[in-house]
Amino acid sequence: MMNGCLKCGSCLAVCHAYQHQQFPGPRRLAVEFPRFQEVSAETYICTTCGRCEAVCPAELPLTQAIIRMRGSMFPPTNAGQQKVLELAARTNHAVEIRDYAAPTEGKTLLFPGCVGKGGLAGRPEAVIKLLTAAGAEPYIDPALVCCGSPLAKMGAEEEAERLQNINYPLLAAAEKVVTVCPGCTTTLNKTYGINALHVLEYLEDVSLPFIDGDEVRVYLHHPCHLARGVGPHTMDAARKILERVPGVTILDCGGEEDCCGGGGGVLAAYPREAYDTAARKAKVAVAAGADLIIAPCPFCAVNLRRPKLLPALELSEFLASRLKL
């Protein structure tokens, strides 16, 4: 990796943390620090958004190199990250979960994700409602736990593997697996080897009955772990589905692909930095005249609503609210 870097600066040009935070940049952390066997706590400011990898002409796995550095520094000393790790050890989830109603048998297994099960965004009830309308016969196995992605991105490889070992037999036995969180989708596909679909991939070609709702101008956020982790086709699907909802106008504001700032454990470790990044994005939506930010990612929705400049909804919750019952 070190010899492959062209030092062209492409990664720095797209790194939001390098441009706006006290962050040395992906090249320094992933390429230069390993050469001198250095580590830096600043690695936790990286949201693992993947834009550096997307533009790297040498196709270097910069994000994975940064995550490996976190593993070499484990355990983190940051209080926010320690809280997440303690919660996962105690509950097998990365957030406090709540009770929710969902079928426990069916044909399509929904992996709801910690943020959804916590009732923060992308709630299981909303996704179940959508999948039911699509004829999927969805269900949730109550024994499912965190996919392990939030822990792996903190460098907690053994803890992530422990959670994966709980989930794998439940997922492998399912006829179909659908997720709502892009981080979960990517982890199930790439780490577990499970063929999981993000809910947008499942719903793209399904005709759903929507009501004639109020007119609303939408800023459609492109979640990093969806658009780059799962694939750019997912954002085409998001737009396609939203355009079928009466009363919805999708604005082309610019900056839709910019990171919200909350991924990669940054919201837990550096909440102020995550807030500032979300606020910059929300201000773009406000200036464009948007009424609402819609994010096809529960975690992005949580962070984008924190500045309180505009309401931010996870896409499946918005779609479920417009379904004709």
Side-chain angles (χ1 to χ4, degrees), residues 9-23 25-26 45-52 54-55 115 120-122 181-182 200 210 212-229 232-264 266-267 270-319 321-322:
S10 297
C11 60
L12 303 181
V14 298
C15 178
H16 68 93
Y18 177 76
Q19 294 169 8
H20 299 288
Q21 314 290 352
Q22 294 297 316
F23 181 65
I45 301 177
C46 172
T47 60
T48 67
C49 72
R51 288 193 81 176
C52 56
V55 302
V115 177
L120 302 176
C181 173
L200 291 177
F210 292 113
D212 293 327
D214 295 336
E215 297 285 332
V216 60
R217 293 166 296 179
V218 167
Y219 179 94
L220 179 59
H221 168 62
H222 294 199
C224 300
H225 296 111
L226 183 62
R228 282 182 286 279
H233 65 283
T234 55
M235 293 314 305
D236 293 334
R239 193 176 189 97
K240 184 177 175 181
I241 295 167
L242 267 177
E243 286 174 344
R244 298 185 196 134
V245 182
V248 170
T249 299
I250 304 172
L251 302 178
D252 294 315
C253 310
E256 284 86 353
E257 295 185 2
D258 292 346
C259 183
C260 79
V266 175
L267 184 54
Y270 294 96
R272 182 72 239 180
E273 284 77 359
Y275 175 96
D276 289 345
T277 306
R280 281 194 297 274
K281 184 140 196 169
K283 287 175 182 175
V284 172
V286 169
D291 304 307
L292 175 68
I293 299 173
I294 288 183
C297 169
F299 214 84
C300 292
V302 168
N303 196 42
L304 287 167
R305 70 174 63 137
R306 291 175 66 226
K308 299 182 179 179
L309 297 176
L310 278 179
L313 286 179
E314 197 279 323
L315 177 56
S316 63
E317 292 184 318
F318 175 77
L319 294 175
S321 73
R322 293 294 185 104

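Nothing fancy with the numbering, it's 1 onward along the sequence.
- Here the closest non-hydrogen pair linking P246 and F210 is CD-CB, 3.7 Å.
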Decide side-chain contact (heavy atoms from CB on, under 4.5 Å) for C300 and C260; before the verdict, give the C-alpha distance in whole Å, the side-chain angles of both, and the deciding distance to 0.1 Å.
-> CA-CA 6 Å; C300 292; C260 79; 3.8 Å; yes
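- Listed here is the closest heavy atom pair of L12 and G25: CD2-CA, 3.9 Å.
- Counting heavy atoms from C-beta on, the side chains of L242 and L315 come closer than 4.5 Å.
- Note that the SG atom of C259 and the NE2 atom of H221 stand 7.0 Å from one another [nearest 0.5 Å].
- Not one N or O on the side chain of R217 forms a donor-acceptor pair closer than 3.5 Å with the backbone of L251.
- The shortest non-hydrogen separation linking Y18 to F23 is CD1-O, 3.4 Å.
- Closest approach of P298 and C181 over heavy atoms only: CD-CA, 3.8 Å.
- Contact record, I45 with V266: O-CG2, 3.4 Å, taken as the closest heavy-atom pair.
- Residues C15 and C52 have side chains not in contact (no heavy-atom distance under 4.5 Å, counting atoms from C-beta outward).
- For the pair K281 (side chain) and G255 (backbone), a donor-acceptor distance under 3.5 Å is present.
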Run the side-chain hydrogen bond (donor to acceptor under 3.5 Å, both in side chains) check on T48 and H225 step by step: do they pass?
-> CA-CA 8 Å; T48 67; H225 296 111; 3.2 Å; yes
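- Residues meeting the salt bridge (charged side-chain N to carboxylate O under 4.0 Å, His left out) test with K283, sequence neighbours left out: none.
- Here the CZ atom belonging to F318 is positioned 4.5 Å from the CD1 atom belonging to I294, to the nearest 0.5 angstrom.
- Under the 4.5 Å side-chain criterion, counting only non-hydrogen atoms from C-beta, R280 is not in contact with D258.
- With E256 contributing its side chain and G254 its backbone, the two residues share a donor-acceptor pair below 3.5 Å.
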Tell me, with the steps shown, if E314 and V115 meet side-chain contact (heavy atoms from CB on, under 4.5 Å).
-> CA-CA 11 Å; E314 197 279 323; V115 177; over 6 Å; no
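- Distance OH/Y219 to CD1/I250: 13.0 Å, rounded to 0.5 Å.
- R228 pairs with exactly one of P182, P223, C49 by the side-chain contact (heavy atoms from CB on, under 4.5 Å) rule, that one being C49.
- Between L220 and M235 the shortest side-chain heavy-atom distance falls below 4.5 Å.
- The residues R272 and D276 are annotated as salt-bridged, a charged nitrogen and a carboxylate oxygen being separated by less than 4.0 angstrom.
- Other residues, nucleotides and ligands contribute only 12 or fewer heavy atoms inside 6.0 Å of the CD atom of Q22.
- In this structure, CG on L200 lies 8.0 Å from CG on L319, to the nearest 0.5 angstrom.
- In terms of the side-chain contact (heavy atoms from CB on, under 4.5 Å) criterion, residue partners of A312 (sequence neighbours excluded) are, by chain and number, I293, L304, R305.
- Within the 4.5 Å cutoff, side-chain heavy atoms of L226 are placed close to those of P296.
- Considering only heavy atoms from C-beta on, T47 comes within 4.5 Å of H16 through its side chain.
- In terms of heavy-atom proximity, A282 sits nearest to L309 at CB-CD1, 3.8 Å.
- Between the side chain of N303 and the main chain of A274, a donor-acceptor pair closer than 3.5 Å is present.
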